[in-house]
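So the structure is just underneath, and the comments pick up after that.
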Amino acid sequence: MRTYTTSAPGHIGESIEVKGWVNSRRDHGGLIFIDIRDHTSVLQLVVHPEAAEAFALAESLRDEFVIKASGKIAERAEELKNPNIATGSVELVVEHLELLNKSEPLPILVNSEQNVSEDMRLRYRYLDLRRPKMQHMLKKRAEYYSCMRSYMEDQEFIEVATPILANSSPEGARDFLIPSRLHPGKFYALPQAPQQFKQLLMVGGIPRYYQLAACFRDEDSRADRLYGEFYQLDLEVAFAESGEEIRSLMEPLIKRLVTDFAGKKLLTEDVPRIPYQEAMDRYGSDKPDLRFGMELVDLSEVLKDSGFGVFRNVLTDGGVVKAICVKGASSLSRSQIDKFTEIAKSEGAGGLAYLTFEAGEVKSPIAKFFSEAELRAIREATGAEDGDVVFFGADKREKVNKVLGRLRSEFAAHFKLKDPNVIALAWVVDFPFYEWDEKNNRLDFGHNPFSMPKGGVEALAAEDKLGIVADQYDMVMNGYEICSGAVRNHNPEVMYKVFAHLGYDEHYVNAKFGAMINAFKFGAPPHAGCAFGVDRMFMELMTEDNIREIVAFPKNGSGFDVMMNSPSVVDDTQLKELSIQSTSE
RNA sequence: GGGCUCGUGGUGUAGAGGCCUAACAUGCCUCCCUGUCACGGAGGAGAUCGCCGGUUCGAAUCCGGUCGGGCCCGCCA
């Protein structure tokens, strides 16, 4: 007898066998129904008292017991068909029933839609994974990986595994360190990304490398950022001399994932290329969500002689006054506006000034500070109509962009402008090579130090270091950064110069990136590449807003695995072997 | 490291100074039930309200601290 899945239980009259879990049991005294569930579906079993042995066992079954049932598939009478389940027109009339394993009463319900706290779900993840939603998620993820692999292979990339035991890298995130037993006092580090290895593969003559690479970073988590480990679709192309080569090479894959894989609509077939500065000025973000407009409008010129002291002072101090027009926001209550004000303050704003346009009038505590002409100009510049509210930001350019950028996203969420079935893609390009580190009052790398400055070594000589642009690009999906890449710096001289601007000498560079610098001296081809954050992209494609939803066994927000209890204490003998002092007493 | 927020039977919630000897749903146990489909019916067990301290005649409820979760800032591509 063949074993069938519950979703395809054979034809009517056929004798079959199914295995699975008891999803629910309905005992009518003289007749027992059992819904058996496997990875495909649910099937109703009917146990009649005539099958005495099976009936006796059926009486003792409980939720999530593991069973094997055999019997004949029967069509249900018309009025007994259940259109709510896939197999609702048939049932298995049980002849034999076997208990494969019992289950204790469950801490969380597998067969119910009842909300369970995330903490509980992670503690009992193996039960959580039995739920159809999680089963679907894991299946889709495998399909997702398969899409990416086949695309990369079609484009003649080859997958190369790079070391997990690597070296600590001074730039970027905190490392996970692995003490070396054979070399006391020395440490491996788990790679934050295979960056250096993939560049060495380029020097090694690999024309096109890719890897679904595990990356490790010891930084605090967020809803869109896993603690500890995550995966990248990491790739690099030898002899690529412009970012556009990489962008046009990878774009079709992402579009295909959006449409064919996720079944969503692309906002635009053409993926816009937006320079970093333009993204900041128009959207107040280097990862703008383009599903909605609500662009930032610069009113500095219009309000330069404003009677509103707060604005005028900011402008004379070299700051800017910008605004966003929120459609229909006049319906917001006072307390709702207070909530947005708090958000603005959390981003560093002093407050949140606004003008409400209603019934041809302007209502606002600050309206009286503006002339008729100014109000008209504001209305014209922002496109405000009756029912809209214009919110202002006045401060240094960077801060205003940050505050209004955040508000833009919050307002869009509040007014439900983020259509979950639409995916807006964009490439943000031309990132600043250096940025000013306010805290330490020094120049620092904007993105990562391995990028080629646009214009090469001549550009580096520029007086204004902050004006140097890197040939660097991010892909943005609905406001999430899903990819970061660059044309790499493959020239040792340029590399030294790049670091020299930050005050690092050749010794430092040799010590930290010796292997790469050395390799570059032996005929390194130009190369460029990028890495997609596959977890985050998958989250958005699956319309989830928490990244732990789409990973089988994630750590919780504080980096703890509540199921496995890791991290955990280890034996002193293990520590001794690793030449580590015990801290237990 | 900081801000906001949550913590009540196994699970999910309600209760917001005395109506609490803590409610509801679900799960669990016992019994009844031959067409249910998250079956139904009757009964029952199960919580010192995260922990410590304070205010009060009286605290699940107010205050302080602490521990844990979530979101955010910092950090991170």
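Chain letters run A, B, ... following the sequence lines, proteins first and then strands; every chain starts at 1. This one's a predicted model, so the numbers in the text were calculated from it and none came from an experiment.
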Residue mapping more 5' on RNA chain B - nearest nucleotide basis, A/Asn546 or A/Ala173: A/Asn546
Within the 4.0 Å heavy-atom criterion, would you say A/Asn23 contacts the bases, only the backbone, or no part of the nucleic acid? nothing
Using the test ring pair (Phe, Tyr, Trp, His ring centres under 6.0 Å), find all partners of A/His414 that sit at least two apart in sequence or belong to another chain. A/Phe340
Check whether A/Thr341 reaches the backbone of A/Leu352 with its side chain - one donor and one acceptor, N or O, closer than 3.5 Å. no
Considering only atom C1', compute the distance from B/rG18 to B/rA59 and round it to an integer number of Å. 10 Å
Mind checking whether A/His28 and A/Phe33 have ring centres under 6.0 Å apart? yes
Contact list for RNA chain B against residues 33-42 of chain A - heavy-atom distance below 4.0 Å: A/Phe33, A/Asp35
RNA chain B: A/Leu80 or A/Gly30, which has the more 5' nearest nucleotide? A/Gly30
First-last contacting nucleotides on RNA chain B - partner chain A, under 4.0 angstrom, heavy atom: B/rG1 to B/rA77
On a whole-Å scale, what distance lies between the P atoms belonging to B/rG15 and B/rC73? 31 Å
Check every strand shown and say whether A/Arg222 touches a base, only sugar-phosphate, or nothing at a heavy-atom separation below 4.0 Å. base
Can you check the distance between B/rC32 and B/rA25, where both ends of the measurement are the C1' atom (answer in whole Å)? 23 Å
Would you classify A/Asn556 as touching base, sugar-phosphate or nothing, given that sugar-phosphate means primed atoms plus P, OP1 and OP2, and contacts are heavy atoms under 4.0 Å? sugar-phosphate
Look at all strands and tell whether A/Glu79 reaches a base, only sugar-phosphate, or nothing, counting heavy atoms closer than 4.0 Å. nothing
With a non-hydrogen cut-off below 4.0 angstrom, is A/Gly88 in contact with a base, only sugar-phosphate, or nothing? nothing
Would you confirm whether A/Arg121, through its side chain, and A/Arg125, through its main-chain N or O, come within 3.5 Å as a donor-acceptor pair? no
I want to know whether A/Tyr283 and A/Phe292 have ring centres closer than 6.0 Å. no
Using Watson-Crick or G-U wobble pairs with both distances under 3.5 Å, give me RNA chain B in dot-bracket, 5' to 3', with [ ] for crossers and | for pairs to another strand. ((((((((.[[[[.)..(....]]]].(((((.......))))).....[[[[[..)....]]]]])))))))....
Taking atom P in both B/rG54 and B/rA16, compute the distance separating them and give it to the nearest angstrom. 26 Å
Does A/Asn115 reach a base, just sugar-phosphate, or nothing at all? Heavy atoms under 4.0 Å. sugar-phosphate
Looking at every strand, decide which applies to A/Glu91 at a 4.0 Å heavy-atom threshold: base, sugar-phosphate, or nothing. base
Scan side-chain atoms only and decide if A/Asp119 and A/Ser117 contain a donor-acceptor pair under the 3.5 Å cut-off. no
Can you tell me, in whole Å, how much space there is between the C1' of B/rU48 and that of B/rC39? 37 Å
Using a 4.0 Å heavy-atom cut-off, does A/Ile108 contact any base of the nucleic acid, only the sugar-phosphate backbone, or nothing at all? nothing
Given the P atoms of B/rC24 and B/rA14, what is the spacing between them in whole Å? 16 Å
Indicate, with a heavy-atom threshold strictly under 4.0 Å, whether A/Gly446 touches base, sugar-phosphate, or nothing. base
Below 4.0 angstrom, N of the basic side chain to O of the carboxylate: do A/Arg406 and A/Glu347 qualify? yes
Counting neighbours of NZ on A/Lys72 that are heavy atoms of other residues, nucleotides or ligands and sit closer than 6.0 Å, is the number greater than 12? no
For A/Glu64, check salt bridge (charged side-chain N to carboxylate O under 4.0 Å, His left out) against everything at least two apart and list the hits. A/Arg37, A/Arg130
Would the distance check show the side chain of A/Glu91 and the main-chain N or O of A/Arg76 forming a donor-acceptor pair, the cut-off being under 3.5 Å? no
List for me each residue that meets salt bridge (charged side-chain N to carboxylate O under 4.0 Å, His left out) alongside A/Asp444, sequence neighbours excluded, and say none if there are none. none
Please give the distance between the C1' atoms of B/rC31 and B/rG17 as a whole number of Å. 43 Å
Looking for any heavy atom pair under 4.0 Å, which part of the strands does A/Ser24 touch: base, sugar-phosphate only, or nothing? sugar-phosphate
Need one value for A/Arg217: base, sugar-phosphate or nothing, where a base atom within 4.0 Å counts as base even if backbone is also close, heavy atoms only. sugar-phosphate
Under 4.0 Å, counting only non-hydrogen atoms across every strand here, what does A/Arg123 touch: a base, just sugar-phosphate, or nothing? nothing
Could you tell me whether the side chain of A/Arg536 and the main chain of A/Val534 form a donor-acceptor pair under 3.5 Å? no
C1' gap between B/rA45 and B/rG10, integer Å: 12 Å
We want to know whether A/Asn111 and A/Ser24 form a side-chain donor-acceptor pair, criterion being a heavy-atom distance below 3.5 angstrom. no
